[in-house]
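Being a predicted model, the structure only gives us computed values, none of them experimental. Counting starts at 1 for both ligands and their atoms, in listed order.
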Amino acid sequence: MLLENKVIIVTGATSGIGAATALEAARQGAKVVLAGRREDKGEALAERIRAEGGKALFVRTDVCRAEDIEALVARTLQVFERLDGAFNNAGIPGPVGTFVDVPPEEYRRLMAINLDSVLLCMQHQIRAMRKSGGGSIVNCASILGLVGAPAFSAYSTAKHGLVGMSKAAALDHAAEGIRVNAVLPGPVETEIWNHVNQGEAVFAAFTSGVPMQRYARAEEVARPVVFLLSSWSSYVTGTSLAIDGGYTSR
Ligand SMILES: NC(=O)c1ccc[n+]([C@@H]2O[C@H](COP(=O)([O-])OP(=O)(O)OC[C@H]3O[C@@H](n4cnc5c(N)ncnc54)[C@H](O)[C@@H]3O)[C@@H](O)[C@H]2O)c1
């Protein structure tokens, strides 16, 4: 198993790509810490993992709250005594709309969730990983971390920033045995599209640009993430892995 006895945090673990990754990591032997805001969904997923014979702990976490992030890592160390990996995945899509009309307060909220929170998460995670002798962090960016798309300026700004932040952290901590990589999913059918105005049409437009001519299932993102969290990618750091059916190769 790729993650036997590794302790892994997943943020935004209560749905979509986060939930799929938590499940796959547990199936690969990890002790998984599920971080999210929705207690009912988080506890249900933890229970499902335990029912399959895995180990999981849900910690209620709003990644906008610095004290929640600190408590998440502290609780992980208290229960599992180490930290080997983290998937910083929590994110929102909006505000969606023309650049000139983006409301500044919504822009700032998106940046707080999609970018600033990852800085804080990584700082606490890296401190914990140092004590564990190294680790692997994967940040969930997007194809919009590499290219733009009409009406997604705030999201695209944050995801481009996340790619840069991942490289910067990778360089600063490579010599300590802490790897940092980003994944760049293309369109994946998850709840995130429910929060986009005319989400179905926008999702279809993205999907029609995919050379493989289909969207990804959450598991198809989860498995490359598990690979990056595992020692099978032990010489991979600072990279951005597109999981996009060829979208950004056009
Ligand atoms: N679905 C796609 O097409 C797609 C494509 C590229 C990248 N992504 C990225 O994948 C990641 C996961 O999204 P998803 O598609 O699984 O959608 P999703 O909506 O199912 O997952 C996002 C998760 O983040 C959580 N979250 C949001 N704000 C939070 C906060 N303040 N604190 C804690 N958790 C919070 C949500 O509750 C949710 O569980 C996001 O970062 C998203 O930008 C998604």
Side-chain angles (χ1 to χ4, degrees), residues 9-24 33-45 58-72 86-96 106 108-118 120-121 138-149 152 154-163 165-166 182-196 199-210 214-222 224-225 240-245 247-248:
I9 289 175
V10 178
T11 73
T14 55
S15 61
I17 295 167
T21 303
L23 207 50
E24 191 59 43
V33 182
L34 312 169
R37 292 168 304 177
R38 294 173 290 183
E39 203 148 358
D40 50 341
K41 286 189 166 232
E43 290 294 0
L45 182 59
F58 171 71
V59 181
R60 197 183 178 286
T61 310
D62 180 338
V63 296
C64 285
R65 294 165 55 94
E67 58 271 37
D68 280 16
I69 295 174
E70 188 175 356
L72 166 67
F87 181 38
N88 296 315
N89 160 78
I92 60 168
V96 177
E106 286 186 38
R108 279 192 288 274
R109 179 174 141 71
L110 180 137
M111 295 303 274
I113 295 173
N114 287 14
L115 189 60
D116 301 350
S117 78
V118 183
L120 269 187
C121 280
V138 181
N139 294 324
C140 193
S142 161
I143 49 173
L144 300 192
L146 204 58
V147 296
F152 279 87
Y155 184 83
S156 192
T157 302
K159 294 300 190 181
H160 273 73
L162 193 48
V163 168
M165 188 190 286
S166 304
V183 289
L184 280 52
V188 188
E189 196 181 38
T190 66
E191 284 178 17
I192 206 165
W193 296 98
N194 301 342
H195 306 290
V196 176
E200 258 177 53
V202 178
F203 183 65
F206 272 113
T207 304
S208 70
V210 175
R214 65 174 180 85
Y215 56 79
R217 298 185 309 278
E219 302 76 47
E220 292 178 296
V221 179
V225 172
S240 306
L241 177 64
I243 308 170
D244 66 353
Y247 190 99
T248 53

Self-check item: side-chain hydrogen bond (donor to acceptor under 3.5 Å, both in side chains) partners of R65, counting only residues at least two apart
Solution: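 Checked R65 against side-chain hydrogen bond (donor to acceptor under 3.5 Å, both in side chains); matches are E67, D68.
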
Self-check item: Sequence-distant partners of E220, side-chain hydrogen bond (donor to acceptor under 3.5 Å, both in side chains), two or more places apart
Solution: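 For E220, the residues satisfying side-chain hydrogen bond (donor to acceptor under 3.5 Å, both in side chains) (neighbours in sequence not counted) are R214.
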
Quiz item: Is the number of heavy atoms from other residues, nucleotides or ligands under 6.0 Å of Y215 OH greater than 12?
Solution: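 No - once you tally the heavy atoms of other residues, nucleotides and ligands closer than 6.0 Å, there are 12 at most.
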
Quiz item: Taking side chain as C-beta onward, heavy atoms only, is N114 less than 4.5 Å from K159?
Solution: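 The answer is yes; the side chains approach within 4.5 Å.
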
Exercise. Tell me the residues surrounding ligand 1, counting only those with a heavy atom closer than 4.0 angstrom, sorted by chain and number.
Key: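 Shell around ligand 1 (4.0 Å, heavy atoms): G12, T14, S15, G16, I17, R37, R38, T61, D62, V63, C64, N89, A90, G91, I92, I113, C140, A141, S142, Y155, K159, P185, G186, P187, V188, T190, E191, I192, W193.
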
Sequence neighbours left out, cut at 3.5 Å: what donor-acceptor pairs do the side chains of residues 199-210 make with other protein atoms?
{"unit_1": "T207", "atom_1": "OG1", "unit_2": "F203", "atom_2": "O", "d": "2.8"}
{"unit_1": "S208", "atom_1": "OG", "unit_2": "A205", "atom_2": "O", "d": "2.8"}

Exercise. Examine distances only and state if a side-chain atom of D244 and a backbone atom of P185 form a donor-acceptor pair shorter than 3.5 Å.
Key: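 Checking the backbone N and O of P185 against the side chain of D244, no donor-acceptor pair under 3.5 Å is found.
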
